[in-house]
Amino acid sequence: MRMSQLLLPTEREAPADAQALSHILGVRAGLIRQLGAGLWTWLPAGWRVHQKVEAIIREEMNAIGGQELLMPLIQPRELWKKTGRDQIDEIFSLSDRKGAELVLAMTHEEAVTFHVSQLVRSYRDLPLILYHLQLKGRDEPRPRAGVLRTREFIMKDSYSFDRDEAGLDESYAKHIGAYDRIFERSGLEWYRVESDVGVMGGSGAHEYMAPCPAGENEVALAPGYAANVEVASAAASPAKVPPPGSAASEVATPGAKTIDQVAAALDLDPSALLKAFPVVTDGGRTVLALVRGDHRVNEFKLRSVLGEGFRPATDQEITSTIGPPGFIGPVGAEIPVLLDAAVAGQQGGWVAGANKADFHLLGVEPGRDFQFEAADIRSVEEGDVVGGEPIRLEAAIEVGNIFKLGTRYSEPLGATFLDEDGAEHPIVMGSYGIGPARIAAAAIEQNADDSGIAWPKAIAPWEVELVSLGKAGSPEREAAETLYEQLRDLGADVLFDDRDAGPGEKFKDAELLGCPLRITLGKRSLESGTLEVQGRRGLAELEPIALDADSAAVILETLARLP
RNA sequence: CGGGGCGUGGCGCAGCCUGGUAGCGCACCUGCUUUGGGAGCAGGGGGUCGGAGGUUCGAAUCCUCUCGCCCCGACCA
């Protein structure tokens, strides 16, 4: 591609409203432009990146037997009523000229299951993996960070159909293999982490996370361990709690309602306190969740232990069922107590609210002073230990997820098959998503430096940028033209900066755009008989290449050795 | 949905408080010079100041309403 003919609007300055690195550099390097909140255009260079990611995904999906198709973005709302997903807030709704209700698909479970329900009748048709790369519409409450969270985006979503859980496990394992290879080939630093299966149920889920500062998720990492903080479990550092005593005793704590206030008033470490978190479940049960004062309740784990959704109890509910807010505790409370495992696993005389205004209890011992059920209901903290190793927490972008759906969609949509005995069963499904735009954004975030982007070779807009110095018609420009033709003849993925611009501008633009290999051909090249070669990673000066009939081939060899 | 901020040429901004013919840098166009790290000189084009209404002799500037965008939080099958 000749840069003189390319729409590549690079900017010297960052857009004023941009925060995330991938947003700033995506715009500055001329890859993306905004049309509205969460609505982005991929300019030619950016679209090449997107397409390269797509190509990797297609290869790996096809390799596990996935069959590509294409389903509509606009869908009858009726279909979504059958699965109940028409009630989701993020659904874009519209109607046609006849008043028929339509939605923009946020994923394609409904559509694909609808078709499979009609097209698959026999166990002989299973297993099946179908996928497509198609737009998704989501009315996000808050689009953000350029292309990271948008209202319209392309997703690779695939769906597996099996006759039973064992089959699903196989399809799931195949996807893990394909996804591992996709993210590896894309050149990302990535983790496959266990994730929350959500209220929709399902028997297993993983997320693929790419660590980077702009990420919206947090992952807990230790050697040999990776999990979303939503589900991560680890051993807590020991609480600094006084030893067990003979009996609990009341102590006045006037006005001390928060953990910090109580800890300060009693001159104890916050970890010696029991934090009471009363909740009311969707089913109307009131439960007192208890965690250490220095820990936080994990709402995902709590929901999973409770087996249903919940909300924090209101002050009125707390007052009427337990005691004065700020001074509540498990002792004497006439509701079930869920005690976090980190507390249950350590002996001590804990501090808890006395259920009496301006008083707390010292020396409280679970079991002796109150009955409880123990469960892991807290969020892991930096420094917790798993497998003997301390955990660290890192921000990350979710670039993919895989999910065992079971019969969540096949049952409401009537997707069944007949087995060898003629018995009808619901098809067991899995769904698997990847956001190519997020892969591109994560690659920018993970590989940028002060000069711009340093693309992984596999998804760079071009693999090589040939920078031609000197003005049109000069001998050095003619030599560059020749080299460009030779590179093209060899099938090189090359961008040719043939613009009539100064060297500084060309170098800056090349470093901003971030093609892995930069070849410079100027007057000096003709004098020395060599081409200057720079690797984008670290702006490393590489061995010069002789300027002769073999230059193009040597450039490609050099490229092949780059990561 | 709560909180905060911003809308002035393609991009980044000043002007607004204290009303009086819309400005700067970059980018763009023409010419000449220049060509190894975002060039120089000269000339030039482009903006109903987000929109509507109001106050006023006069509104980018003051008032009211409205739309859009960004950030933090909540939310994110």
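Quick note on labels: first sequence line is chain A, next is B, and so on, each numbered from 1. What you are looking at is a predicted structure, and each value in this text was computed from that prediction instead of being measured.
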Asks: Which part of the nucleic acid, if any, lies within contact of A/Ser474, taking any heavy atom under 4.0 Å across all strands shown: a base, the sugar-phosphate backbone alone, or nothing?
Replies: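 No contact.
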Asks: Could you check whether A/Ala145 gets within reach of a base, just the sugar-phosphate, or nothing at all, counting any heavy atom under 4.0 Å?
Replies: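 Since only primed, P, OP1 and OP2 atoms lie under 4.0 Å of A/Ala145, the category is sugar-phosphate.
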Asks: Please measure how far the C1' atom in B/G12 lies from the corresponding atom in B/G47, and state the result in whole Å.
Replies: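 Result for the C1' pair: 15 Å, nearest Å.
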Asks: Would you mind pulling out the nucleotide paired to B/G25, Watson-Crick or G-U wobble, both distances under 3.5 Å?
Replies: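 Partner of B/G25: B/C11.
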Asks: In whole Å, what separates the P atom of B/G50 from that of B/U61?
Replies: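 The answer is 8 Å between these two P atoms.
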Asks: Base, sugar-phosphate alone, or nothing: which one does A/Glu13 contact when heavy atoms must sit under 4.0 Å apart?
Replies: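 Touches a base.
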Asks: Using Watson-Crick or G-U wobble geometry with both distances below 3.5 Å, tell me the partner of B/A42, or none.
Replies: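 Checking every strand shown, B/A42 finds its partner in B/U30, with both distances under 3.5 Å.
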Asks: Against the six-membered ring of A/Tyr172, is A/Lys404 placed for a cation-pi contact (under 6.0 Å from the centre, within 45° of the normal)?
Replies: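 Judged by the rule, A/Lys404 and A/Tyr172 form a cation-pi pair.
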Asks: When the C1' atoms of B/A60 and B/C13 are considered, how many whole Å apart are they?
Replies: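 The same atom, C1', in both gives a distance of 15 Å.
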Asks: Out of the candidates A/Arg536, A/Lys506, A/Arg518, only one should pair with A/Glu511 under the salt bridge (charged side-chain N to carboxylate O under 4.0 Å, His left out) rule; please name it.
Replies: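 The option that passes is A/Arg518.
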Asks: NA contact type, A/Pro15, heavy-atom cut-off 4.0 Å: base, sugar-phosphate, or nothing?
Replies: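 Counting heavy atoms under 4.0 Å across all strands, the contact made by A/Pro15 is with sugar-phosphate only.
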Asks: If pairing requires Watson-Crick or G-U wobble contacts with both distances under 3.5 Å, which nucleotide is the partner of B/G68?
Replies: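 Base partner found: B/C6.
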Asks: Should A/Arg142 be listed as having a side-chain N or O under 4.0 Å from OP1 or OP2 of B/C72?
Replies: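 So the side-chain polar atoms of A/Arg142 do come within 4.0 Å of the phosphate oxygens OP1 or OP2 of B/C72, strictly under.
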Asks: What nucleic acid atoms does A/Ala18 come within less than 4.0 Å of, heavy atoms only: base, sugar-phosphate, or nothing?
Replies: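 It contacts nothing in the nucleic acid.
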Asks: With ring pair (Phe, Tyr, Trp, His ring centres under 6.0 Å) as the test, pick out the partner of A/His175 among A/Phe403, A/Tyr159, A/Tyr432, A/Tyr131.
Replies: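 Single ring pair (Phe, Tyr, Trp, His ring centres under 6.0 Å) partner of A/His175 among A/Phe403, A/Tyr159, A/Tyr432, A/Tyr131: A/Tyr432.
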Asks: Under 4.0 Å, heavy atoms only, any strand: does A/Gly84 hit a base, just the sugar-phosphate, or nothing?
Replies: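 Here A/Gly84 touches no strand at all.
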Asks: Taking everything shown except A/Lys82 itself, do over 12 heavy atoms lie less than 6.0 Å from its NZ?
Replies: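 12 or below, so no.
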Asks: Would you call the rings of A/Phe183 and A/Trp190 parallel, tilted or perpendicular, where under 30° means parallel and over 60° means perpendicular?
Replies: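 Rings of A/Phe183 and A/Trp190: tilted, 30 to 60°.
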Asks: Record whether the side chain of A/Arg144 comes under 3.5 Å of the base of B/C70 through a donor-acceptor pair of N or O atoms.
Replies: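 Under the 3.5 Å cut-off, the side chain and the base do not form any donor-acceptor pair.
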Asks: Mind checking the C1' distance from B/G38 to B/C57? Whole angstroms is fine.
Replies: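 About 50 Å, rounded to a whole number of Å.
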Asks: Check the orientation of A/Tyr179 and A/Tyr208. Use parallel for under 30°, tilted for 30 to 60°, and perpendicular for over 60°.
Replies: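 Ring orientation, 0 to 90° scale: tilted.
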Asks: Under a 3.5 Å cut-off for both contacts, is B/C57 paired Watson-Crick or G-U wobble with anything, and if yes, with which nucleotide?
Replies: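 Check on B/C57: paired to B/G20, both distances under 3.5 Å.
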Asks: Using a 4.0 Å heavy-atom cut-off, does A/Gly470 contact any base of the nucleic acid, only the sugar-phosphate backbone, or nothing at all?
Replies: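 Touches sugar-phosphate only.
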Asks: Measure distances between side-chain N and O atoms of A/Glu511 and base N and O atoms of B/G38, and say whether any donor-acceptor pair falls under 3.5 Å.
Replies: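 A donor-acceptor contact between them is absent.
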Asks: From C-beta outward on A/Arg149, which listed nucleotide comes closest to its side chain: B/U34, B/C76, B/A77?
Replies: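 Nucleotide nearest to A/Arg149's side chain: B/C76.
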Asks: Base, sugar-phosphate or nothing for A/Asp500? Non-hydrogen atoms, less than 4.0 Å.
Replies: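 Base contact.
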Asks: Does B/U35 have a Watson-Crick or wobble partner in any strand here, with both distances under 3.5 angstrom, and which is it?
Replies: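 Pair assignment: B/U35 / none.
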Asks: When rounded to the nearest Å, what value does the distance between C1' atoms of B/C67 and B/G51 take?
Replies: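 Pairwise C1' distance, B/C67 against B/G51, rounds to 7 Å.
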Asks: Hunt down the Watson-Crick or G-U wobble partner of B/A74, both distances under 3.5 Å, from any strand shown, or write none.
Replies: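 The base-pairing partner of B/A74, which may sit in any strand shown, does not exist here.
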Asks: In whole angstrom, give me the gap between the P atoms of B/C49 and B/G9.
Replies: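 Here B/C49 and B/G9 have their P atoms 10 Å from each other.
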Asks: By the 4.0 Å heavy-atom rule, please label A/Arg28 as base, sugar-phosphate, or nothing.
Replies: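 Base, at least one base heavy atom under 4.0 Å.
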Asks: Is A/Gln34 near enough to B/C70 that one of its side-chain N or O atoms lies under 4.0 angstrom from OP1 or OP2?
Replies: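 For B/C70, OP1 or OP2 has a side-chain N or O of A/Gln34 closer than 4.0 Å.
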Asks: Base, sugar-phosphate or nothing for A/Thr10? Non-hydrogen atoms, less than 4.0 Å.
Replies: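 Answer is nothing: A/Thr10 stays at 4.0 Å or more from every strand.
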